Number of protein chains: 2
Amino acid sequence: MSKPKSITIVDVAREAGVSTATVSNVLNRRNVPLSEDIIRRVEAAADRLGYRRNAMAASLSRQRTNELGLLLPSFGGYFGGFAEACEREAHERGYHLSVFSGSNDPELERRHLDRLLQRRVDGLICHGLAMSPEATREIVRDGTPMVLFNAWSWPEDIAVGTVNLDFKSGVEEAVHRLYERGCRSIFYVGQHKPNTSDPPRYEGFLQGIAGLPGPVTHAYVRADASDFRVTVGRLLQLAGDSRPFGIICFDDLLAFAMMYAGIASGLRVPEQMMVVGMNNHYMTRYSHPTITSMDIPYKDQAELTVRWLISAIDDKPDEWVLERSGGRSRVDIPVKLLMRGSTGDS
Amino acid sequence: MSKPKSITIVDVAREAGVSTATVSNVLNRRNVPLSEDIIRRVEAAADRLGYRRNAMAASLSRQRTNELGLLLPSFGGYFGGFAEACEREAHERGYHLSVFSGSNDPELERRHLDRLLQRRVDGLICHGLAMSPEATREIVRDGTPMVLFNAWSWPEDIAVGTVNLDFKSGVEEAVHRLYERGCRSIFYVGQHKPNTSDPPRYEGFLQGIAGLPGPVTHAYVRADASDFRVTVGRLLQLAGDSRPFGIICFDDLLAFAMMYAGIASGLRVPEQMMVVGMNNHYMTRYSHPTITSMDIPYKDQAELTVRWLISAIDDKPDEWVLERSGGRSRVDIPVKLLMRGSTGDS
DNA sequence: TTGAAAGCGCTAACAG
DNA sequence: CTGTTAGCGCTTTCAA
């Protein structure tokens with residue numbers, strides 16, 4: 001029932017009184033001389049019959065699918081935005097992008113990857129989270145080009161390129177801003193569950209602390225999701241009576257939670273506690289006070305990622321990509337620190 | 001470079017010293033008698049050679065792809081969660097789900113749909129937003145089964161089934177709860193941009209108001225995203241000095257924004273203003289006070305959606321689906337109201 | 001300019 | 001139990 005003998009180019013050819021080769025040529029606007037008349041006839045026949053190209057047959061024949069696969073750890077927050085930006089970029093370049101979420105489950109992710117390769121996607125875009133580099137390499141052993149995004153500390157040779165967000169520098173800068181605004185106790189608040197995108201941020205944190213003109217109390221604090229007020233208690237203990245103290249949070253939602261837990265514990269923001277988040281979530285502008293955060297250049301990251309991948313697929317260099325990467329296999333995209341109410345700005 | 005002459009079943013057959021038909025039978029664990037010895041030999045040969053099935057060839061041959069397509073208006077919030085739940089359900093039933101976001105752009109959505117049909121997905125899951133029913137019908141004119149989700153007021157015959165979240169009843173219940181807690185002014189706060197999922201909620205709102213034992217001031221208020229305090233001002237004007245007044249917001253983020261705008265305007269929550277959101281976003285439990293919201297049964301909605309679709313693809317009824325739908329073409333999945341701090345509960 | 005025909009890799013009768 | 005073979009729908013030489 002679901003497939004009522006679909007229309008093929010054979011039908012169109014018969015209807016138009018030409019050969020299937022001609023139909024194929026017309027429909028794909030190939031670079032061959034075609035008479036105006038034939039073109040009209042074929043196109044008329046095609047839509048009279050309601051013909052729709054069979055992409056599998058086409059891909060099978062011309063050894064190429066024009067499909068790209070994007071593997072995400074989840075659809076939430078940043079990843080969804082990145083996926084949409086990639087879809088756009090891919091479309092603009094004649095590719096179609098299928099998106100999959102591993103749901104933070106390595107096994108599911110493995111199956112997605114395998115399936116994508118069975119479908120012979122022309123290229124792959126993968127994040128650097130759930131699966132291990134080894135498992136990934138094992139899967140992508142064949143020649144399918146892959147570009148990684150936000151994959152910190154992966155071997156350089158596993159992909160044609162890696163496009164990371166430079167949270168490291170962003171956090172480093174945030175440390176300086178907090179210091180300038182009077183914080184002499186600064187903490188990095190990480191997620192309750194370990195996460196591979198945490199280390200680079202903390203690294204930037206330490207680097208920022210090291211570059212400060214004076215001494216500050218600092219620490220890595222893991223958030224307790226069951227009750228963030230417990231975490232606030234821990235911060236107060238560490239900060240002693242240094243005020244304001246500052247926290248830089250793993251992401252905006254955590255920043256939100258921590259800020260309100262602080263307020264609930266009687267702290268005034270930003271006078272006594274300053275808060276910095278990451279991702280520039282829509283909500284950070286609507287809280288009270290508004291939250292200082294880091295803006296992510298989705299389009300820029302997506303464009304570089306997709307163009308890099310396509311240049312590898314076509315095996316011909318893309319000048320713009322080359323310029324951005326400077327020949328290296330990894331590019332760090334800068335994030336932009338937006339100072340707002342939670343750090344005493346505007 | 002990207003495709004180094006891939007291994008086919010011909011290679012495997014040669015390596016194992018059997019025919020391609022046998023290889024195919026072994027690899028697909030078809031329902032044919034196979035000797036243990038042959039199975040071992042073929043499997044050994046296959047992974048010695050690093051064989052990977054070519055899904056296009058297989059799909060082309062057996063007229064079926066085992067692929068489902070999911071078309072979303074965006075990856076954000078609820079939609080991402082629904083997508084992950086659908087991926088899981090599909091996998092459990094031997095299907096693979098490709099997800100696409102129309103990014104709220106009808107034209108992009110059209111192209112996604114067309115491409116999906118070119119790929120001959122076995123079934124389609126679509127939301128009821130960006131594209132019009134007419135445009136959709138026009139595209140899906142061939143026999144590909146489609147199930148809709150959250151498509152309010154679409155023609156019944158366009159899809160094999162529709163699975164909606166019953167926000168209508170949820171909002172209706174919320175109105176009653178607010179009334180019980182003392183609100184004599186209750187407002188529905190919608191998004192600044194019109195949205196097709198708004199009307200059913202407002203309908204539930206009106207129905208709730210109508211069912212109340214006494215009179216209340218009520219209105220539909222459109223939120224002003226540029227500054228939610230303006231919206232709060234409007235509410236104060238409408239509510240006069242009736243306290244507490246209650247607001248039911250289009251979604252949790254809006255509830256967040258409105259609640260903090262209210263607090264910023266000097267209102268105490270829940271004593272003077274009560275707030276209800278929708279979607280049970282993770283953050284609603286970490287604000288201060290916590291926010292009353294409606295929990296969405298993702299898995300339930302996804303399971304029904306996917307099973308309904310698959311039963312149509314296979315053209316054989318699924319008892320569980322039939323029971324849920326009672327033979328009708330639309331099912332409303334109840335959402336669960338979770339009472340929290342913003343309405344004076346726990 | 002157009003068409004005939006040989007695949008692309010796999011599946012599914014059907015024959016042995 | 002295993003192999004032969006005819007497609008699936010489209011692309012792409014190559015010859016006409």
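Since the structure is predicted, the reported quantities are computational estimates derived from the model, not experimental observations. Residue numbers begin at 1 in each chain, while the letters A, B, ... track the order of the sequences.
Residues B:D105 and A:R88 meet the side-chain proximity criterion, which asks for heavy atoms closer than 4.5 Å.
Here the P atom of nucleotide C:dA4 and the CZ atom of A:R14 are 14 Å apart, to the nearest Å. Atom CG in B:N25 sits roughly 11 Å away from atom C1' in C:dA13 (whole-Å rounding). Taking atom CZ of A:R119 as the reference point, atom P of C:dC10 lies 17 Å away to the nearest angstrom. Here C:dT2 presents its P atom at 11 Å from CD of A:E36, a figure rounded to the nearest Å. As rounded to whole Å, 10 Å separates atom P of D:dC10 from atom CD of B:Q118.
Contact check, B:S35 against D:dT2: a side-chain N or O comes under 4.0 Å of OP1 or OP2. Residue B:S19 has no polar side-chain atom (N or O) positioned under 4.0 Å from OP1 or OP2 of D:dT4. Using a 4.0 Å cut-off, some side-chain N or O of A:T22 falls inside it from OP1 or OP2 of C:dG3. Within the structure, every side-chain polar atom (N or O) of B:N28 is placed at least 4.0 Å from both OP1 and OP2 of C:dC10.
A:D157 and A:R137 are joined by a salt bridge, as a carboxylate oxygen and a charged side-chain nitrogen come within less than 4.0 angstrom of each other. Between A:R93 and A:E303 a salt bridge is recorded (basic side-chain N to carboxylate O distance below 4.0 Å).
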Output one line per pair: protein atom, nucleotide atom from nucleotides 5-9 of chain D, and distance, for all N/O pairs under 3.5 Å.
| residue | atom | partner | partner atom | Å |
| --- | --- | --- | --- | --- |
| D:dG7 | N2 | B:S61 | OG | 3.0 |
| D:dC8 | O3' | B:Q63 | NE2 | 3.3 |
| D:dC8 | O2 | B:S61 | N | 3.2 |
| D:dG9 | OP1 | B:Q63 | NE2 | 3.2 |
| D:dG9 | N2 | A:A57 | O | 3.2 |

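A donor atom on one side chain and an acceptor atom on the other are not found under 3.5 Å apart for B:R41 and B:T22.
No more than 12 heavy-atom neighbours from other residues, nucleotides or ligands sit within 6.0 angstrom of CD on A:E323.
Between B:H96 and A:F100, the angle of the ring planes stays under 30°, which puts this pair in the parallel group of the 30/60° scheme.
Within 4.0 Å (heavy atoms only), A:V18 reaches sugar-phosphate atoms of the nucleic acid but no base atom.
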